[in-house]
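Working notes, beginning with the structure itself.
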Amino acid sequence: MTASTKPRWRFRRPSVLPGFGITFGYTILCLSLVVLIPLGALVVRASGLGLSGILEVAADPRVASALKISFGVSLLAALTASVFGFLVAWVLTRYRFPGRRIVDAVVDLPFALPTAVAGIALAQVYAPNGVIGAQLERIGIKAAYTPVGIFIAMVFIGLPFAVRTVQPLIAEIDKEVEEASATLGASRRATLWKVVLPPLIPAVLTGFALAFARGVGEYGSIIFIAGNLPYVSEIAPLLIVIKLSEYDYAGAAAIATIMLGISFLTLLAINLIQAWSRRRFGYV
């Protein structure tokens with residue numbers, strides 16, 4: 001085969017691990033059984049309504065309000081979790097203090113707690129008669145049973161993703177790089193923006209994407225603190241459950257398909273930005 005007739009792409013040659021063909025086929029099979037086939041069945045079920053029917057479901061004021069709350073609050077919560085997650089990861093990595101290992105373990109609690117337990121705990125604390133909720137009520141902020149409560153729950157479940165994705169990269173940054181920057185006359189702010197942050201941006205974006213995805217699909221830890229008031233604090237996953245309880249399977253599938261499409265486009269955009277940041281800053 002001449003150079004002009006060679007295929008434009010081909011599988012990368014196997015690594016030291018043998019059995020590339022078997023493992024690749026097994027990967028595709030598992031991915032299909034666990035992800036692709038169920039999602040495809042969901043789309044097929046919703047397609048029974050037709051495009052006009054799906055658009056009609058999306059245009060319903062209650063559905064539109066639930067989608068707006070789910071995606072809007074998830075976006076804001078993921079941004080907040082990314083900022084505070086970076087700070088927490090920096091403190092846990094760069095500082096030594098009594099109880100550091102305990103704090104490091106506490107970060108993973110949202111992973112281990114059942115979502116219902118987390119929701120009940122947050123509702124108790126942020127309720128009007130709760131420890132924190134009562135203090136917030138005094139300054140005119142109502143947390144529980146409002147979108148504020150949804151935001152708190154989403155930050156709670158998203159923070160571990162933001163911490164754990166960036167923490168290993170912070171540990172890899174040599175302190176001598178920061179010292180060299182200071183030696184060359186750079187201020188602390190310049191060192192942060194030009195030396196520390198560039199290699200961490202892809203990891204921060206990854207944590208943001210994971211926190212956003214978890215927040216959009218979260219159910220158990222939110223319904224206890226949200227209040228679940230239509231047009232006010234009702235999330236899209238709850239509306240899907242309501243549709244299923246009413247035996248409106250097509251409507252539930254339509255809402256789920258809309259959420260799937262919006263989530264896919266959002267995560268695709270985040271991944272494109274992440275890939276650009278890797279090329280831009282030279283960390284591949």
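The first residue of the sequence shown is numbered 1, and numbering continues consecutively from there. Note that the structure is a prediction, hence the values are computed from the model and not measured.
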Under 3.5 Å, sequence neighbours excluded: what are the donor-acceptor pairs made by side chains of residues 140-159?
residue: T146; atom: OG1; partner: K142; partner atom: O; Å: 2.9
residue: T146; atom: OG1; partner: A143; partner atom: O; Å: 2.7
residue: T146; atom: OG1; partner: V148; partner atom: N; Å: 3.2

side-chain hydrogen bond (donor to acceptor under 3.5 Å, both in side chains) involving [X] - partner list, sequence neighbours excluded:
X    : value
D108 : R164
S221 : E218
R62  : E234
T206 : Q274

Run through the side-chain heavy atoms of Ile, Leu, Val, Met, Phe, Trp and Tyr, join any pair under 4.5 Å, and report what else lands in V232's cluster.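 Other cluster members: L229.
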
Using the side-chain hydrogen bond (donor to acceptor under 3.5 Å, both in side chains) rule, collect all pairs that involve residues 32-48, keeping only residues at least two apart or in two chains. none

Keeping to residues at least two apart or across chains, list the side-chain hydrogen bond (donor to acceptor under 3.5 Å, both in side chains) pairs with something in residues 240-262. none

List the atom pairs, donor and acceptor, that lie under 3.5 Å between side-chain atoms in residues 117-130 and the rest of the protein, sequence neighbours left out.
none

Can you tell me which residue pairs pass the salt bridge (charged side-chain N to carboxylate O under 4.0 Å, His left out) test with a partner in residues 63-81, sequence neighbours excluded? none

Ring pair (Phe, Tyr, Trp, His ring centres under 6.0 Å) with F111: which residues, sequence neighbours excluded?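 Partners of F111 under the ring pair (Phe, Tyr, Trp, His ring centres under 6.0 Å) test: F161.
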
Identify every side-chain donor-acceptor pair in residues 73-89 under 3.5 Å, counting partners at least two apart or on other chains, and give the distances.
residue: S74; atom: OG; partner: S70; partner atom: O; Å: 2.5
residue: S74; atom: OG; partner: V216; partner atom: N; Å: 3.2
residue: T80; atom: OG1; partner: L76; partner atom: O; Å: 2.9
residue: S82; atom: OG; partner: A78; partner atom: O; Å: 2.8

